[in-house]
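Side chains included, hydrogens not; waters and symmetry mates left out as well; all remaining heavy atoms used. Source: prediction; values computed, not measured. Each ligand, and each atom within it, is numbered from 1 in the order the structure gives.
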Amino acid sequence: MSSLTEFATRKLAGLEDRGLRRRLYETDRFSDTHVRRAGRELISFCCNDYLNLSHHPQVIAAANAATERYGTGSGGSRLISGNTPLLAELENRLARFKGTEAAMVFGSGYLANIGIIPCLAGPGDLILMDELNHACMHGGAQLSRAAVRPYNHVDMRHLEELLKQLRTGHEHCLIITDGVFSMDGNIAPIERLTALASQYDAWLMTDDAHGLGVLAEGRGSGIVGGHHADIPLQMGTLSKAIGAYGGYLCASRPVIDLIRNRARSFVYSTGLPPAMAAASIKALELIEQDKALCARPVENASRFCTALNLRAPETPIVPLILGEADRVMTASAALEDRGYLVTGIRPPTVPDGTARLRFTFTASHTHGEIDGLVSTIRDLDLAA
Ligand SMILES: *Cc1c(COP(=O)(O)O)cnc(C)c1O
């Protein structure tokens, strides 16, 4: 065995020992909420396609038409030859929807975060971020070479302490938070964050991956009390409620122009495929038109939580924390045996000892499907 293969084999055995080895399972998502795995049909409660728009006939038709007209790939970085016609329309629509001057799209949400953050903070600067932020914000922060200090989850007192202690020793300060925490489903205290950012001259950046399309009539976590909160950097993804693929940033015109010039994941990566731009434009149009559709994922999560006596959900994400990884994987397998797909979430995606089932509810889940899931969870004694 070569030393490389030996290295990989040993590392995998270590993951296996700790119940942390991950595997890929082919998942044929053939309708809004149903998938086929290993020949079996399952109802999926772990998909981020909150509005089921990836299967909407009008969205599919728009993607197909764009592929026919412009081809499958964009053929280059947008700064070379890949700036295909639909991208400007998509960016204008995103900016309008988020109430900012300008917007730009990236190849994915992950690429957006690892591109944006190092453009705005570097050596001598300070990044303060919620400890439960998504992995790609940690990745972007590390790439920036700024001083990075996590604050306790949604703990605004801790954040203010760090600002008091550290702000004056650094030139610029970026505060970064998930708008909706992806593994817990709670919403960041946006109002407090905007106030602290303003008081300490820090730049607030939110990641609205799980807010767009499902909160505030679809407009996302940046809306507080019916108005756009003062968030100068609003990042998000086209890969969840929009049902396509790609990432975006909404900000002022100069900030967008700077990031178009400097973000390495934008400059040195191929432009979004035309089909993804077209699908996203159509999806945004549907979101703007149909407020009832946008409300449905949270309504469905509420039905589930009420039935199981869980805390009322703020978003379509409902975690059921079981503790150890093994226990979660056993629970997930038991649900699958009974026809439900609910993936277990383990460290390092979540902190040690907080492995969980993470349920996500979409607009198309029926009351019957939700009630069936509830009684199965009761039978399995999972929500005790
Ligand atoms: C999914 C997710 C991302 C990554 O977006 P992709 O488009 O899937 O790369 C970023 N941030 C958060 C909070 C997410 O949940």
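- Between Arg40 and Glu336 there is no salt bridge, since none of the side-chain N atoms of the basic residue sits less than 4.0 Å from a carboxylate O of the acidic one.
- At distances below 3.5 Å, at least one donor-acceptor pair connects side-chain atoms of His158 with backbone N or O atoms of Asn152.
- Using a cut-off of 4.0 Å between Lys/Arg side-chain N and Asp/Glu carboxylate O, Arg23 and Glu16 are scored as salt-bridged.
- Checked by atom type, the side-chain pair Thr5/Arg10 shows no donor-acceptor distance below 3.5 Å.
- Every protein residue with a heavy atom nearer than 4.0 Å to ligand 1 is included here: Ser108, Gly109, Tyr110, His134, Cys136, Asp178, Ser182, Asp207, Ala209, His210, Thr237, Ser239, Lys240, Gly246.
- Looking at Lys282 and Glu285, a side-chain N of the basic residue comes within less than 4.0 Å of a carboxylate O on the acidic one, giving a salt bridge.
- Ionic pairing of Asp379 and Arg338 is not present here: no N-O contact between side-chain nitrogen and carboxylate oxygen is shorter than 4.0 angstrom.
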